[in-house]
Amino acid sequence: GGIITQTPKFLIGQEGQKLTLKCQQNFNHDTMYWYRQDSGKGLRLIYYSITENDLQKGDLSEGYDASREKKSSFSLTVTSAQKNEMAVFLCASSIPGNTEVFFGKGTRLTVV
Amino acid sequence: QQKVQQSPESLIVPEGGMASLNCTSSDRNVDYFWWYRQHSGKSPKMLMSIFSNGEKEEGRFTVHLNKASLHTSLHIRDSQPSDSALYLCAASDTNTGKLTFGDGTVLTVKP
């Protein structure tokens, strides 16, 4: 089995600050995803990547950048943190095609 | 507007009862449906997937799919308190690799 590691687990930032969240997976999966989950709600797709150096926008990409320099890592940048985006950010990965997606434990973002 | 709509938003069933959850996609490019379960404070875990018309059963869980209407439903029989969780429906597009989730149904099973 493999594991998806997200760092940091908790991130506190100031309004307007640029913040970066990191994700590493050792499944050797090609596809990786970033989702945002507001408290008690569903998952909204921010960015995904089907292979190294590929980036695809999701439905919530405005205000975020992403980077996939290596197959095993996918980072997400909040370009200017806002108080209304306090949420848990979940990274996920899968092999190509219709296969199970595995999730990391999340990064909880608080903006003060 | 969410392209994957789930109903109801929340559901309470007695222990031993049947829980029925619904999900519809408005994106005609999707061709695979997933059900994930997320316990409080945990990450989502896959329960079942379906891509052909009809029904699929695994233990107490049954999933139905109607491809023409892009509607799927999840039925949990003999519900247990440990089934209490947020149930997330997702739809994927094989051509793009995009996986979109709905807002979920919060299921509470009362002992």
Side-chain angles (χ1 to χ4, degrees), chain A residues 1-6 9-10 23 25 27 29-61 66 68 71 74 87-108, chain B residues 1-10 21 23-27 29-52 56 58 65 67 72 84-108:
Chain A
I3 191 166
I4 297 176
T5 303
Q6 291 188 237
K9 286 185 182 173
F10 300 94
C23 177
Q25 53 97 359
F27 285 103
H29 285 164
D30 287 295
T31 307
M32 295 186 75
Y33 305 84
W34 275 108
Y35 290 93
R36 171 177 152 177
Q37 185 172 34
D38 294 338
S39 181
K41 300 286 188 182
L43 278 57
R44 288 189 284 173
L45 182 63
I46 306 172
Y47 270 96
Y48 67 106
S49 166
I50 59 175
T51 190
E52 188 177 328
N53 293 319
D54 174 72
L55 279 179
Q56 306 287 337
K57 290 185 177 182
D59 300 315
L60 196 70
S61 60
R68 182 101 185 266
K71 186 176 180 179
F74 193 28
V88 174
F89 290 81
L90 289 165
C91 176
S93 72
S94 69
I95 61 176
N98 289 305
T99 61
E100 181 178 357
V101 167
F102 294 88
F103 285 86
K105 293 184 184 228
T107 291
R108 181 174 294 276
Chain B
Q1 185 186 355
Q2 278 283 72
K3 289 184 178 176
V4 176
Q5 299 278 346
Q6 290 189 244
S7 64
E9 284 188 19
S10 61
L21 293 68
C23 172
T24 304
S25 172
S26 58
D27 182 353
N29 294 314
V30 302
D31 50 3
Y32 226 91
F33 287 85
W34 308 82
W35 285 94
Y36 279 74
R37 180 164 73 178
Q38 185 179 26
H39 284 109
S40 182
K42 303 288 187 185
S43 300
K45 293 270 193 311
M46 194 195 77
L47 266 180
M48 294 180 74
S49 63
I50 189 164
F51 67 96
S52 30
K56 184 175 172 183
E58 289 179 7
L65 175 62
K67 291 194 84 169
T72 179
S84 298
L86 176 66
Y87 287 77
L88 296 160
C89 173
S92 60
D93 178 345
T94 305
N95 289 327
T96 63
K98 188 176 182 181
L99 179 66
T100 304
F101 283 81
D103 272 341
T105 293
V106 177
L107 173 65
T108 304

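Side-chain atoms are counted along with the backbone in the values below, which use heavy atoms only and exclude waters and symmetry mates.
In terms of heavy-atom pairs under 4.5 Å with chain A, the best-connected choice from B/Gln6, B/Met46, B/Lys98 is B/Lys98. Between chain B and the residues A/Leu90, A/Thr31, A/Val101, the most heavy-atom pairs under 4.5 angstrom are made by A/Val101.
Residue pairs satisfying the side chain to side chain donor-acceptor pair (under 3.5 Å) criterion with at least one member in residues 33-43 of chain A, sequence neighbours excluded, are listed as follows: A/Arg36-A/Asp38, A/Arg36-A/Tyr64, A/Gln37-B/Gln38, A/Asp38-A/Arg44. Applying the salt bridge (Lys or Arg N to Asp or Glu O under 4.0 Å) test to residues at least two apart or on different chains, none of the pairs has a partner in residues 90-105 of chain A.
The two residues A/Gly42 and B/Leu88 have their closest heavy-atom pair at CA-CD2, 3.8 Å. Closest heavy-atom contact between A/Phe103 and B/Ser43: CB-CB, 4.0 Å.
Within 6.0 Å of the CZ atom in B/Phe51, the count of heavy atoms belonging to other residues, nucleotides or ligands does not exceed 12. By the 6.0 Å contact criterion, NZ on B/Lys56 is enclosed, its count of non-hydrogen atoms from other residues, nucleotides or ligands being greater than 12.
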Exercise for review: Assess whether side chain to side chain contact (heavy atoms under 4.5 Å, CB included) is satisfied between A/Gln56 and B/Thr96, documenting all intermediate values.
Suggested key: CA-CA 9 Å; A/Gln56 306 287 337; B/Thr96 63; over 6 Å; no
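Only the side chain of B/Asp31 comes within contact range of chain A, with heavy atoms under 4.5 Å apart. Using a 4.5 Å cut-off between heavy atoms, B/Tyr36 touches chain A through its side chain atoms alone. In this structure, no portion of B/Ser40 lies under 4.5 Å from any heavy atom of chain A.
In this structure, CZ on B/Phe101 lies 12.5 Å from CG on A/Asp59, to the nearest 0.5 angstrom.
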